[in-house]
Enquirer: 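Attaching a single structure in structure tokens format; questions to follow.
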Amino acid sequence: MVVPSSTTPARQEIATAAAALQLPAIPTVDMSAPRGLLSRQVARACAEQGFFRAVNHGVLVPGPAPAARQLDAATAAFFALPAHEKQRARGVQGQGPPSSPLGYGCRTIGFSGDVGELEYLLLHANDPAYKAASIHAHDPKHFSCVVNEYVEAVKQLACDILDLLGEGLGLEDPRSFSKLITEPDSDSLLRINHYPPSCTVHKLDHDGQCKLKGTACRAKAGNGGNPTGGGRIGFGEHSDPQILSLLRANDVDGLQVLLPDVNGKEVWIQVPADSSAFFVNVGDLLQALTNGKLLSVRHRVIASACRPRLSTIYFAAPPLHARISALPETVTAGSPRRYRSFTWAEYKTTMYSLRLSHSRLDLFCVHDDDDNSSDVSKEK
Ligand SMILES: C=C1C[C@]23C[C@@]1(O)CC[C@H]2[C@@]12CC[C@H](O)[C@@](C)(C(=O)O1)[C@H]2[C@@H]3C(=O)O
Ligand SMILES: O=C(O)CCC(=O)C(=O)O
Ligand SMILES: [Fe+2]
């Protein structure tokens, strides 16, 4: 159900204040709602905001040691290691098809000069053993198992959401989206981001490679009239390139999404932290597959809390060779094809040549002077 946030008084107060200021609300979807209603609500949130908070999703079920809790414990322990030990988990640039910066990273994001006040682990969902010996020297096998268990659980939730979207959009095959991410050679990633507290000075390195320092109240977002309110850029403005992203974080704020207000002006909206929820966002590929009906939302992290933020994001992606073209049902005379067909490998290569904030899907737009008059039947 798309409802105003309501699980805690603080969240309710924020929702009320936002409504009074006529700020856009973050939709909350109760995943235990009846299916017909649920599919319409998921589709609506993804079409209007490209983003929603999923509650009652059943993934973090209480138990002796659920994968999420074990993963959080293992990654928090890794980030607490001395800098030189973490450096052992650094990936090799150029490794992976086509080069993804897998492994440990600190401040540097991608290959084009972007930086943020964070450190992270980037893992391939199909290769949980990569760098496990450096990440969890004590028991690498256990670490890989925990990653694998978490990936399986979150992939299931991603498939459920994609199937709901397929149903909500009335697709001929409602499983068209989920099929892409369940291929054995899918290119999905798991990212764990660790943002140090911003109120104290932190030097996480000693060798000049990686310095995370408290520089609170100085940074401004490179975003025109959208300053960061005194916080530092943890992870700069961007859209996620894949199909769907599922984010879970501890109870520390920082995530913001760019949404239109009542006058259509885009404003940064703070997403109140909720460690029991998954935050779901549409990626560029899903926008392309739906011919722009679902929106790949722009988001960022502003680090201004006095406690570290730990977030874990599953990026559901298709295999590299998958061809991405708008599904035929989404292309009509009134809504002609917006993007040319491309493979995920081609998109990935393009995105790694660009800065984080680039609106890269625009490069794949079909131009007015391109002949797309008979497009409803083209490029299936
Ligand atoms: C600068 C970049 C980092 C990024 C690849 C890119 O060229 C543009 C997209 C970035 C992003 C955002 C979502 C994920 O965190 C990520 C792993 C992804 O697939 O695309 C990162 C990339 C990255 O950090 O390598
Ligand atoms: O760490 C977060 O909370 C969000 C980071 C993010 O957007 C990303 O890694 O793509
Ligand atoms: Fe992101």
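Counting convention: from 1, in listed order, for ligands and their atoms alike. Here the structure is a predicted model, which means the values were calculated and not measured.
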Enquirer: Look at atom 8 (C) of ligand 1 and find which of Gln242, His358, His299, Arg360 reaches it with the closest heavy atom.
Expert: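 Looking at heavy atoms only, the winner is Arg360.
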
Enquirer: Working to the nearest 0.5 Å, report the span between SG of Cys106 and CZ of Phe79.
Expert: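 Output value for this atom pair is 9.5 Å.
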
Enquirer: So, does Asn291 use its side chain to make a donor-acceptor pair with the main chain of Arg338 at under 3.5 Å?
Expert: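 Yes.
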
Enquirer: Within the structure, does Asp240 bring an N/O atom to less than 3.5 angstrom of an N/O atom in ligand 1?
Expert: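 In this structure, Asp240 places no N or O atom under 3.5 Å from an N or O of ligand 1.
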
Enquirer: In ligand 1, which numbered atoms sit nearer than 4.0 Å to a non-hydrogen atom of Gly110?
Expert: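 Result: 1 (C), 2 (C), 3 (C), 24 (O).
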
Enquirer: Tell me whether Pro101 reaches ligand 1 (any heavy atom closer than 4.0 angstrom to a ligand atom).
Expert: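 Contact check Pro101 vs ligand 1: positive.
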
Enquirer: State plainly whether the residues Lys86 and Glu119 are in salt-bridge range, i.e. N to O under 4.0 Å.
Expert: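 A salt bridge is present here (some side-chain N lies under 4.0 Å from a carboxylate O).
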
Enquirer: Taking 2.8 Å as the upper limit, name the protein N, O or S atoms near the Fe ion (ligand 3).
Expert: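 Result, waters dropped: His238 NE2, Asp240 OD1, His299 NE2.
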
Enquirer: State the atoms of ligand 1, each with its element, that fall below the 4.0 Å cut-off from a heavy-atom position in Leu354.
Expert: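 It comes down to these atoms of ligand 1: 1 (C), 7 (O).
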
Enquirer: Would you say ligand 1 has an N or O under 3.5 Å from any N or O of Ile109?
Expert: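 There is no such contact.
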
Enquirer: Is Asp240 reaching over with its side chain to a backbone N or O of Ser245, donor-acceptor style, under 3.5 angstrom?
Expert: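 Pair absent, no side-chain N/O of Asp240 close to backbone of Ser245.
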
Enquirer: Please report whether the ring centroid of Phe364 lies less than 6.0 Å from that of Tyr339.
Expert: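 No, they do not, as the ring centres are separated by 6.0 Å or more.
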
Enquirer: State whether Glu167 and Arg40 are salt-bridged, where the test is any N-O pair (Lys NZ or Arg NE/NH1/NH2 against Asp/Glu carboxylate O) under 4.0 Å.
Expert: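 No, Glu167 and Arg40 are not salt-bridged.
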
Enquirer: Ring-plane angle category for Phe143 and His136, please: parallel below 30°, perpendicular beyond 60°, tilted otherwise.
Expert: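 The rings of Phe143 and His136 lie parallel, inter-plane angle below 30°.
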
Enquirer: Report, in ascending order of atom number, the atoms of ligand 1 lying under 4.0 Å from any heavy atom of Leu356.
Expert: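 Numbered from 1, ligand 1 contributes 1 (C), 10 (C).
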
Enquirer: Test the Arg90-Tyr104 pair against the cation-pi criterion, namely NZ or CZ under 6.0 angstrom from the six-membered ring centroid and within 45° of the ring axis.
Expert: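 Geometry flag: not set, cation outside 6.0 Å or 45°.
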
Enquirer: Quick one: table the atom pairs, ligand 2 N or O against protein N or O, below 3.5 Å, distance rounded to 0.1 Å.
Expert:
unit_1, atom_1, unit_2, atom_2, d
ligand 2, 1 (O), Asn193, ND2, 2.9
ligand 2, 1 (O), Tyr195, OH, 2.6
ligand 2, 1 (O), Ser311, OG, 2.6
ligand 2, 3 (O), Arg309, NE, 3.3
ligand 2, 3 (O), Arg309, NH2, 2.7
ligand 2, 3 (O), Ser311, OG, 3.4
ligand 2, 7 (O), His238, NE2, 3.2
ligand 2, 7 (O), His299, NE2, 3.0
ligand 2, 9 (O), Asn193, ND2, 3.2
ligand 2, 10 (O), His238, NE2, 3.1
ligand 2, 10 (O), Asp240, OD1, 3.2

Enquirer: Has the side chain of Ser359 got a donor or acceptor atom that lies under 3.5 Å from a matching backbone atom of Asp362?
Expert: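 No: the side chain of Ser359 does not pair with the backbone of Asp362.
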
Enquirer: Could you state the interatomic distance from OG (Ser178) to CG (Leu244), rounded to the nearest 0.5 Å?
Expert: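 It comes to 11.0 Å.
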
Enquirer: Could you walk me through whether Arg298 and Ser239 satisfy the side chain to side chain donor-acceptor pair (under 3.5 Å) test, starting with their C-alpha distance in whole Å, then the side-chain angles of each, then the deciding distance to 0.1 Å, before giving a yes or no?
Expert: CA-CA 5 Å; Arg298 290 181 83 75; Ser239 63; 4.6 Å; no

Enquirer: Run down the list Phe315, Phe111, Tyr352 and name the one with the heavy atom closest to atom 14 (C) of ligand 1.
Expert: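 Selected option, by shortest heavy-atom distance: Phe315.
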
Enquirer: Do NZ/NE/NH1/NH2 and the carboxylate oxygens of Lys348 and Asp187 come within less than 4.0 Å?
Expert: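 Asp187 and Lys348: salt-bridged.
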
Enquirer: Would you confirm whether Ser335, through its side chain, and Thr332, through its main-chain N or O, come within 3.5 Å as a donor-acceptor pair?
Expert: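 Side chain of Ser335 to backbone of Thr332, a donor-acceptor pair under 3.5 Å: no, none is there.
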
Enquirer: Closer than 4.0 Å to some heavy atom of His238 - which atoms of ligand 1 meet that?
Expert: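 Those qualifying, in numeric order: 12 (C).
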
Enquirer: In a check of side chain to side chain contact (heavy atoms under 4.5 Å, CB included) between His299 and each of Leu247, Val271, Leu259, Val257, which one passes?
Expert: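 Testing His299 for a side chain to side chain contact (heavy atoms under 4.5 Å, CB included) against Leu247, Val271, Leu259, Val257 leaves exactly one candidate, Val257.
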
Enquirer: Under 4.0 Å, heavy-atom basis, I'd like to know which part of Asp114 is in contact with ligand 1: side chain, backbone, both or neither.
Expert: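 For Asp114, only side-chain atoms sit under 4.0 Å from ligand 1.
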
